[in-house]
Colleague: 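This is the structure, below, for whatever I ask next.
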Amino acid sequence: MLLQNKQIAIVGGGPGGLTLARLLQQNGAAVTVYERDRNRHVREQGGTLDLHDESGLAALRAAGLLDEFKLRYRPGADKLRLTDKHATVVLDQHEEAQTDTFGQASFRPEIDRGPLRELLLDSLQAGTVVWDRHLADVQPEGAGWKLTFHNGATATADILIGADGANSKIRPLLTPIRPFYSGVTIVEGTVYDSAHHAPRLHRLTQGGKIFALDDSRTLVVSAKGDGSLTFYTGCKTVETWARDSGIDFSSAAEVLAWFRQEFAGWDGIWQELFASETTQCVSRPQYCMPLDQTWPARPNLTLLGDAAHLMPPYAGEGVNMAMLDALELAHCLASGQFSDVQAAIAHYEQHMRHRASVVAEETMAQTEALHAPGALTYLVNLFAGGK
Ligand SMILES: Cc1cc2nc3c(=O)[nH]c(=O)nc-3n(C[C@H](O)[C@H](O)[C@H](O)COP(=O)(O)OP(=O)(O)OC[C@H]3O[C@@H](n4cnc5c(N)ncnc54)[C@H](O)[C@@H]3O)c2cc1C
């Protein structure tokens, strides 16, 4: 097989990198994942994710992890309420009986990021993930690569895979193409113990999700299994807004002052999101990779997930694309279909770029539609026509 006697380094232990590590280990490959987090518990993992049958769930099926997923996903967390700015519910999936299930394209079960990461980590051979390895530099060494980390540690690899997300350190080795600003900036936050800190919103969310759309602005709220609510606002603004605003996003009071102004006329219920000083916020301008991006395939280097095809979150495809990349890359490298690693990478990248481009185009259209007048009617009609 192509990977015999090859040491593979995956930089980034997100859903894409960990899925790839699992799939490659199933094929007997020698894999190490280098992750910047200091250990598996150090970082609060973000919100909840719906996995799609043809991508995220397909990868878990191939990885032999679907039964484990069924133990950890959150039934009912995919139920959505659509509201206007007054929190008037115009579409309520809680009122619809759940008829779809695993194996059906319409079934998109939700799992929190933390449990998804745990599930993948638990599936790997001991020692696969090396924590506290924040990549600082990569240099060619012989026919492979030398990696240097911020803490001074080094490592070598025959094949290097960048699964290091939106600000990938590895991507510039392959291409100078940079993402473009989508026009929307989000403010993302978490309300801990929402039953206590945001009781009305906690009840409105009912263990599922809320999409509130009005005034060309969006607010997405999701319940998590640990009793918190995660949320993100979406506003059309300039790329430098967060930097220039002077807002200290770690201060709930400062973010609340901004929210009151920016979302003026919205019901007071939404302000519960910022009522507790324990609410943590961060601003994130949303970027998208150019739809026509391309680069020549290298013999020992490639990308997956956000590092390859960052896009805004409005079609819920980022994690699903990252996990499908892992499935397709592992298949290309391990199937015996290709004469050398470069041919396998070339085939994977060509297909991956095309697939991601189609999804990114849909995502950008969705991002625009959700932040335009009439967004609520648009989304109601979209749901009426099927997800
Ligand atoms: C607010 C928001 C909501 C979203 N909602 C959804 C959704 O509902 N559904 C969906 O499918 N997608 C969603 N996404 C997108 C999704 O989170 C990403 O597409 C997905 O996490 C990409 O997976 P990945 O493995 O490629 O990268 P990441 O999840 O970003 O993982 C990258 C990993 O690499 C590590 N890393 C980064 N740099 C280095 C370095 N230099 N050295 C070592 N390690 C490094 C990071 O610590 C991280 O563990 C959302 C994104 C945002 C911002």
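Below, all heavy atoms of this structure are taken into account, side chains as well, without hydrogens, waters or symmetry copies. Note that ligands are numbered from 1 as they come in the structure, with each ligand's atoms numbered from 1 the same way.
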Colleague: Between Phe263 and Trp266, what is the ring plane arrangement, given parallel below 30°, perpendicular above 60°, and tilted in between?
Modeller: perpendicular
Colleague: Between Asp53 and Arg61, does at least one N-O distance fall below 4.0 Å, as a salt bridge requires?
Modeller: yes
Colleague: Out of Glu110, Arg284, His150, Glu317, whose heavy atom is nearest to atom 53 (C) of ligand 1?
Modeller: Arg284
Colleague: Quick one: which ligand 1 atoms are inside 4.0 Å of a heavy atom on Gly305?
Modeller: 26 (O)
Colleague: Looking at Glu188, which atoms of ligand 1 are within less than 4.0 Å of one of its heavy atoms?
Modeller: 1 (C)
Colleague: Please work out which of Asp306, Val42, Val33 has its closest non-hydrogen atom nearest to atom 19 (O) of ligand 1.
Modeller: Asp306
Colleague: Have a look at Val130, Leu49, Val319 and point out the one with the heavy atom closest to atom 6 (C) of ligand 1.
Modeller: Leu49
Colleague: Counting from 1, what ligand 1 atoms have a heavy atom of Arg117 closer than 4.0 Å?
Modeller: 49 (O)
Colleague: Counting only heavy atoms, which portion of Ile186 has something under 4.0 Å from ligand 1: side chain, backbone, both, or neither?
Modeller: side chain
Colleague: So, regarding Gly318 and ligand 1 (criterion: nitrogen or oxygen to nitrogen or oxygen, under 3.5 Å), is there a contact or not?
Modeller: yes
Colleague: Output yes when the distance from some N or O of ligand 1 to some N or O of Lys209 is under 3.5 Å, and no in every other case.
Modeller: no
Colleague: Kindly indicate whether the side chain of Lys224, heavy atoms from C-beta on, has any atom under 4.5 Å from the side chain of Thr190.
Modeller: no
Colleague: Among Arg22, Arg117, Arg40, whose side-chain hydrogen bond (donor to acceptor under 3.5 Å, both in side chains) with Asp122 holds?
Modeller: Arg40
Colleague: Taking distance alone, with N or O pairs closer than 3.5 Å, would you say Ala166 contacts ligand 1?
Modeller: no
Colleague: I'd like the name of whichever of Pro15, Pro313, Gly17 reaches closest to atom 4 (C) of ligand 1 through any heavy atom.
Modeller: Pro313
Colleague: For ligand 1, which part of Ala136 has a heavy atom less than 4.0 Å away: the side chain, the backbone, both, or neither?
Modeller: neither
Colleague: Provide the number and element of each atom of ligand 1 under 4.0 Å from a heavy atom of Ala322.
Modeller: 23 (O), 26 (O)
Colleague: Would the number of heavy atoms belonging to other residues, nucleotides or ligands and lying under 6.0 Å from CD of Gln26 be above 12?
Modeller: yes
Colleague: What's the spacing between Leu2 CG and Phe338 CZ if we round to 0.5 Å?
Modeller: 9.0 Å
Colleague: Salt-bridged, Glu110 to Lys209, with N to O below 4.0 Å?
Modeller: yes
Colleague: Closer than 4.0 angstrom, basic N to acidic O: yes or no for Asp325 and Arg355?
Modeller: yes
Colleague: Looking only at atom types and distance, does a side-chain atom of Gln342 sit under 3.5 Å from a main-chain N or O of Ala297, one as donor and one as acceptor?
Modeller: yes
Colleague: Answer with yes or no after comparing the ring centroid distance for Phe149 and Trp131 against a 6.0 Å cut-off, counting only values under it.
Modeller: no
Colleague: Mind checking whether Tyr232 has an N or O less than 3.5 Å away from an N or O of ligand 1?
Modeller: no
Colleague: At less than 4.0 angstrom from any non-hydrogen atom of Leu135, what atoms of ligand 1 do you find?
Modeller: 40 (C), 41 (N), 42 (N), 43 (C)
Colleague: Answer yes or no: is there a side-chain heavy-atom contact under 4.5 Å between Val33 and Leu20?
Modeller: no
Colleague: Can you confirm whether the side chains of Asn300 and Trp145 place a donor and an acceptor under 3.5 Å from each other?
Modeller: yes
Colleague: Do we see a donor-acceptor contact under 3.5 Å between the side chains of Gln280 and Tyr192?
Modeller: no
Colleague: With a 4.0 Å cut-off on heavy atoms, is Arg113 in contact with ligand 1?
Modeller: yes
Colleague: Heavy-atom contacts under 4.0 Å between Val11 and ligand 1: side chain, backbone, both, or neither?
Modeller: side chain
Colleague: Of all the heavy atoms in Gly47, does at least one lie under 4.0 Å from an atom in ligand 1?
Modeller: no
Colleague: If you measure every N/O of Glu35 against every N/O of ligand 1, is any gap under 3.5 Å?
Modeller: yes
Colleague: Tell me yes or no: between the side chains of Tyr314 and Glu368, is some donor less than 3.5 Å from an acceptor?
Modeller: no
Colleague: For ligand 1, which atoms have a heavy atom of Gly12 less than 4.0 angstrom away?
Modeller: 33 (C), 34 (O), 35 (C)
Colleague: Under 3.5 Å between some N or O of ligand 1 and some N or O of Lys169?
Modeller: no
Colleague: Just jot down the ligand 1 atoms closer than 4.0 angstrom to any heavy atom of Asn320, in number order.
Modeller: 11 (O)
Colleague: Taking 4.0 angstrom as the limit and counting only heavy atoms of Arg133, give me the atoms of ligand 1 inside it, by number and element.
Modeller: 42 (N), 43 (C)
Colleague: Is any N or O atom of Gly316, backbone or side chain, closer than 3.5 Å to an N or O atom of ligand 1?
Modeller: yes
Colleague: Any N/O of Arg36 closer than 3.5 Å to an N/O of ligand 1?
Modeller: yes
Colleague: Centroid-to-centroid, Phe102 to Tyr73, below 6.0 Å?
Modeller: yes
